[in-house]
Protein chains: 2
Amino acid sequence: MCLNEQARLDQVFQALADPTRRKVIERLAAGPATTSELARPFAMALPSFTQHLAVLERAGLVSSTKQGRTRTYRLTPDALEVADGWLARQRRLWQRRLDQLDHFLTTLKEQ
Amino acid sequence: MCLNEQARLDQVFQALADPTRRKVIERLAAGPATTSELARPFAMALPSFTQHLAVLERAGLVSSTKQGRTRTYRLTPDALEVADGWLARQRRLWQRRLDQLDHFLTTLKEQ
DNA sequence: CTGATACTTAGGTCAATACCTAAGTATCAG
DNA sequence: CTGATACTTAGGTATTGACCTAAGTATCAG
């Protein structure tokens with residue numbers, strides 16, 4: 001745990017770079033679910049699927065607890081915010097840049 | 001070009017899942033730059049670096065044009081919005097869910 | 001025309017990813 | 001206690017990803 005920011009972003013974006021894992025996140029937005037509930041929609045062997053869950057958990061996007069023989073997963077919104085924060089920062093930067101360009105073009109036109 | 005939404009998200013998140021590529025994006029927010037200008041800060045053979053640029057371009061995050069022997073890269077904000085859009089949608093969903101939970105806890109307390 | 005510059009192409013290594021099957025362990029229901 | 005359920009572990013394959021070196025092509029400067 002507690003990796004540096006770059007490694008954290010690596011893991012989060014990597015985790016989101018797969019449609020199965022994104023669908024799991026989308027499903028978990030509706031509430032917690034067990035491994036087999038999450039796996040049901042996917043035509044994939046269970047061990048393959050649990051690997052996806054492990055990727056999501058390592059990235060900090062979900063957390064799980066085991067009670068009896070079932071493991072329940074739930075969203076951990078914090079990690080999504082890491083990705084979101086980076087994107088928001090970039091958006092601000094290029095927005096500013098587009099504004100400058102706009103201003104440049106405007107003053108150019110005025111001459 | 002014109003892949004479906006899922007494949008598009010795959011490529012964008014995959015492209016962002018590497019610190020070198022994110023730094024290139026950050027650099028390009030300050031304005032267009034050539035291959036060698038972008039490569040300079042990185043201790044990496046040029047062919048390795050241009051592969052990173054190719055990944056960014058395939059994802060639609062940047063575009064490039066060649067004039068003479070230099071190739072210039074610039075940001076293409078649209079693709080960032082694809083990732084941003086997905087994240088924003090998720091955030092809305094889990095925000096709503098957290099609100100519901102909040103409401104549930106509140107009504108629980110009132111009883 | 002020649003040499004330097006700015007990539008580009010070809011091809012190779014090594015590690016990580018995404019899957020699989022088969023066999024294990026742990027719990028619960030009857 | 002036994003069988004079914006819910007994962008988990010072990011181990012294998014095939015593809016992709018991130019790097020490298022070496023050698024190519026294309027422009028520009030003098």
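Here is the naming used below: chain letters follow the sequence lines, and residue numbers restart at 1 for every chain.
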What would the secondary structure line of DNA chain D be in dot-bracket form, counting Watson-Crick and G-U wobble pairs under 3.5 Å, with [ ] for pairs that cross earlier ones and | for pairs with another strand?
||||||||||||||||||||||||||||||

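To the nearest 0.5 angstrom, B:Leu9 atom CG is 8.0 Å from B:Trp86 atom CH2. Distance check: A:Leu46 CG to A:Arg40 CZ gives 11.0 Å after rounding to the nearest 0.5 Å. In this structure, CZ in B:Phe13 is found 12.0 Å from CD in A:Gln14, a value given to the nearest 0.5 Å. With rounding to the nearest 0.5 Å, the separation of CG in A:Asp18 from CG in B:Asp10 is 6.5 Å. Of the inter-residue distances, the one linking A:Gln51 atom CD with A:Arg21 atom CZ reads 9.5 Å to the nearest 0.5 angstrom.
For the pair B:Arg71 and A:Gln14, both in contact range of DNA chain C, the more 5′-proximal nearest nucleotide belongs to B:Arg71. Mapped onto DNA chain D by nearest heavy atom, A:Thr70 and B:Ala43 fall at different nucleotides, with A:Thr70 at the one closer to the 5' end. Between A:Gly68 and A:Ala45, it is A:Ala45 whose nearest contact on DNA chain C lies nearer the 5' terminus. Nearest-nucleotide positions on DNA chain D for A:Thr72 and A:Gln51 put A:Thr72 closer to the 5' end.
Two residues are said to be in side-chain contact when any heavy atoms from C-beta on lie closer than 4.5 Å; A:Leu61 and A:Leu75 fail this criterion. A heavy-atom distance below 4.5 Å is not found between the side chains of A:Arg74 and A:Val62.
At least one donor-acceptor pair closer than 3.5 Å links the side chain of A:Glu57 to the backbone N or O of A:Ser64.
Chain B approaches DNA chain C within less than 4.0 angstrom (heavy atoms of the protein), and the contacting nucleotides run 5' to 3' from C:dA4 to C:dT9.
If you run side-chain contact (heavy atoms from CB on, under 4.5 Å) between B:Tyr73 and each of B:Leu56, B:Thr65, B:Thr35, only B:Thr35 comes through.
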Carefully, step by step, assess A:Leu28 and B:Trp94 under the rule side chain to side chain contact (heavy atoms under 4.5 Å, CB included).
CA-CA 8 Å; A:Leu28 286 178; B:Trp94 56 253; over 6 Å; no

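Put simply, A:Leu53 and A:Leu16 are part of the same group of oily side chains (I, L, V, M, F, W, Y) that touch within less than 4.5 Å, one to the next.
B:Ser48 comes within 4.0 angstrom of a nucleotide base, judged by non-hydrogen atoms across all strands.
Residues from residues 18-40 of chain B that place a heavy atom under 4.0 Å from any atom of DNA chain D, listed by number: B:Asp18, B:Arg21.
One finds no side-chain N or O of B:His52 lying less than 4.0 angstrom from the OP1 or OP2 phosphate oxygen of D:dG17.
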